[in-house]
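By convention in this document, chain letters (A, B, ...) are assigned in the order of the sequence lines, proteins followed by strands, and residues within each chain are numbered from 1.
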2 protein chains.
Amino acid sequence: MSTVYDVARMAAVSSSTVSRAINTPDAVSPATLARITEAIARLGYTPNKIARSLQSQTSETIGVLISDLTNPALVKIVKGVEKVLGAAGYTPILCDTEDSPDKEQRYLTDLIDRRIDGVVMVPVMDSHAAALLQQRGLPAVFVDRSISPDFDCVKINNVSGLSLLVGHLLQLGRQTIRMIGGPQRTDVGQERNDAFLLFLERYGLARDPDSVICGDFTIEDGYRITHEMLRQGRRPDAIVSANNLMGIGALKAIREAGLKLRTDLDLVVFDELGELGELLDPPVAYVSQPSMEMGVQAANLLLERMRGHVTRAPRCVVFEPVLVRR
Amino acid sequence: MSTVYDVARMAAVSSSTVSRAINTPDAVSPATLARITEAIARLGYTPNKIARSLQSQTSETIGVLISDLTNPALVKIVKGVEKVLGAAGYTPILCDTEDSPDKEQRYLTDLIDRRIDGVVMVPVMDSHAAALLQQRGLPAVFVDRSISPDFDCVKINNVSGLSLLVGHLLQLGRQTIRMIGGPQRTDVGQERNDAFLLFLERYGLARDPDSVICGDFTIEDGYRITHEMLRQGRRPDAIVSANNLMGIGALKAIREAGLKLRTDLDLVVFDELGELGELLDPPVAYVSQPSMEMGVQAANLLLERMRGHVTRAPRCVVFEPVLVRR
DNA sequence: CTGTTAGCGCATTCAA
DNA sequence: TTGAATGCGCTAACAG
């Protein structure tokens, strides 16, 4: 691999001039610039970003940590983030933390050691990333979930979402509604669960200790919990799933129990189910987040903060969900 | 951020000793090692990987380029790759090329400028990545698709796959089978299309110019082509989709045409449809790749090659698909 | 076992 | 406009 010195020698100039030709072409006379350009082309020279980073103390790199690449909504967020960062000249480094706090921590420290300039992340459950970020003073934006009030974040309005979901079930004439809740130890889980109970009350629906059974946002938990709900004495006539994955698990359990959606009971879900979700028969209604735009927004917040607004108070952008009837 | 010098000062040693304490602790006396460890802890020092890379001419980093993060099979490949690389001490940098040759090229040059040590990639259609990799002499492994005989690759046996698919349809008593083919300009597409025609012939089934209509492995193409097939005079009694995404499109078109799977016609698909695919009613049979293992294998091939077997002739590992009846 | 010296490739002073 | 000198943080070579 050729270096600035190789180029310099071939163009009969000094290395500094080559450097200038690349970074501030206006500061170089047209004649020498031409010679240098020529030499660069002939050698196939490309600047060593490692060396550049060491010198400039910046890497033009952003860590993008996602808790689950299997989740179509999260993948869309990534697409939004990458679009904006790429256009701004940054290279996103994507990491799949697989909802493991350990993996998240490992990736994060590694990225920090690589001197990334910022972070956009969907934190894992039980994340302890905030402390690390804070300590390093690294600009960061949380998406979907928030784990610290000290950072910018982009979220969905969970109360609206549950209002839409419960409202839809009421329209269908459902009365005994139960929820596969999210984990209480996450803000999203808590918000959705609380909102559900709020609307049960507001609409005068039955509410008992079993109204909400919490899971960890996984297919397995959705399956297990639904299974449980269906074999209990009083079977609900509608189920709300706090997220898409648990909704898939619920579908499986309902199918296995030999029950029919629409006739025996209804299922509604927070978050889209992806392309295939549209093809289910009967289809499942859901509220969808504008995931891509959330990613875009998150990236923009990060860019702003990196451009020096480090001291500004943390901002939280909340998007409104949309009910998709099916 | 503190440096080796800060640690050195605090521990009253030289920077090289600090370096040794970190990299070859055995080469340092227990006493000083203790002092250095103490200082590192107190300062919260972590080595700057940028500087380390510049010096060592290696980055312990592997580029992982994937053509489509929306495809569940490809995500599983990523998981396999990351598992192995992570265990081997490498950091995978994941990039979503979104099936765009331009994006692939951009990511790749950027990664090369960052001095990555190797590449695992699912190349995009019309990829021109091979030239770049070859020119830089960068170790690389292709997964799922291959674009050059000069590199290691991990693939699925497409002929077996189509044998299973067509065989299954025959068992169901189908006679007029058409295929939503893959793009002829990719090796996978070509192999699957050819294999399909081969088996039509072998089993003495009708075969005409419309037997295969090719798409670009997208949902949209699957939809469009199926739509076309269904409105033609002689409607097939079975359709084979060359991949999962086009299969989803086919499902959509079949649904819209008011036709019923199983009774009116059958659909079988190459590649799994993901978790939700299992919940379709009626379900869709498919042949599945052991995606995760393919990722594992790919990473292992890369590790071998990076450990100096650079000159060894390219190897191609072929996995056998499995028919999943539904 | 430890310190001194030098260099990885680049960009940024400071002079000329 | 250009070049020489220096340092980013780390590690390897060489002495001691």
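Proximity of a side-chain donor or acceptor of B:Arg115 to a complementary backbone N or O of B:Ile112 within less than 3.5 Å is detected. No donor-acceptor pair under 3.5 Å is formed between the side chain of A:Gln289 and the backbone N or O of A:Ile156.
No hydrogens or angles were tested; on distance alone, a donor-acceptor pair under 3.5 Å links the side chain of B:Ser16 to the base of C:dT4.
Summarising the local packing, CZ of A:Arg185 is surrounded by more than 12 heavy atoms from other residues, nucleotides or ligands at distances under 6.0 Å.
Applying a 4.0 Å cut-off to non-hydrogen atoms, none of the residues of residues 105-113 of chain A approaches DNA chain C.
Atom P of nucleotide D:dT11 and atom CD of B:Glu60 are separated by 11 Å, given to the nearest angstrom. Following rounding to the nearest Å, A:Ile36 (CD1) and D:dT2 (P) show an atom-to-atom distance of 7 Å. One interatomic measurement links the two molecules: CZ of A:Arg20 to P of C:dA15, which rounds to 15 Å at whole-angstrom precision. Distance, B:Asp6 CG to D:dC10 C1': 13 Å, rounded to whole Å.
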Discussion item. Using side-chain hydrogen bond (donor to acceptor under 3.5 Å, both in side chains), reason through A:Arg114 and B:Ser59 one step at a time and then give a plain yes or no.
Written reply: CA-CA 10 Å; A:Arg114 287 165 194 279; B:Ser59 60; 5.6 Å; no

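Looking only at atom types and distance, the side chain of A:Thr17 has a donor-acceptor partner in the side chain of A:Ser14 under 3.5 Å away.
Counting non-hydrogen atoms under 4.0 angstrom, B:Thr32 reaches the backbone sugars and phosphates but no base. If you check every strand for non-hydrogen atoms under 4.0 Å, A:Val13 touches sugar and phosphate atoms only.
Picking from C:dT12, D:dT2, C:dT2 the nucleotide with the shortest atom distance to the side chain of B:Thr17 gives C:dT2.
Taking 4.0 angstrom as the limit, A:Ser29 places a side-chain polar atom (N or O) nearer than this to OP1 or OP2 of D:dT2.
Between B:Leu138 and B:Phe151, the closest side-chain pair of non-hydrogen atoms is not below 4.5 Å. For the pair A:Arg52/A:Ile22, a side-chain contact is recorded, criterion being any heavy-atom separation below 4.5 Å from C-beta on.
Atom-to-atom distance recorded for A:Ile116:CD1 and A:Ser53:OG is 12.0 Å, nearest 0.5 angstrom.
Using a cutoff of 4.0 Å between basic side-chain nitrogens and carboxylate oxygens, B:Asp96 and A:Lys79 are scored as salt-bridged.
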Scan nucleotides 7-10 of chain C against the protein and return all N/O pairs shorter than 3.5 Å with their distances rounded to 0.1 Å.
residue, atom, partner, partner atom, Å
C:dG7, N2, B:Gln55, OE1, 2.6
C:dC8, O3', B:Gln57, NE2, 3.3
C:dG9, OP1, B:Gln57, NE2, 3.3
C:dG9, N2, A:Ala51, O, 3.4
C:dC10, OP1, A:Tyr45, OH, 2.4
C:dC10, OP1, A:Asn48, N, 3.1
C:dC10, OP2, A:Val4, N, 2.5
C:dC10, N4, A:Tyr5, OH, 3.1

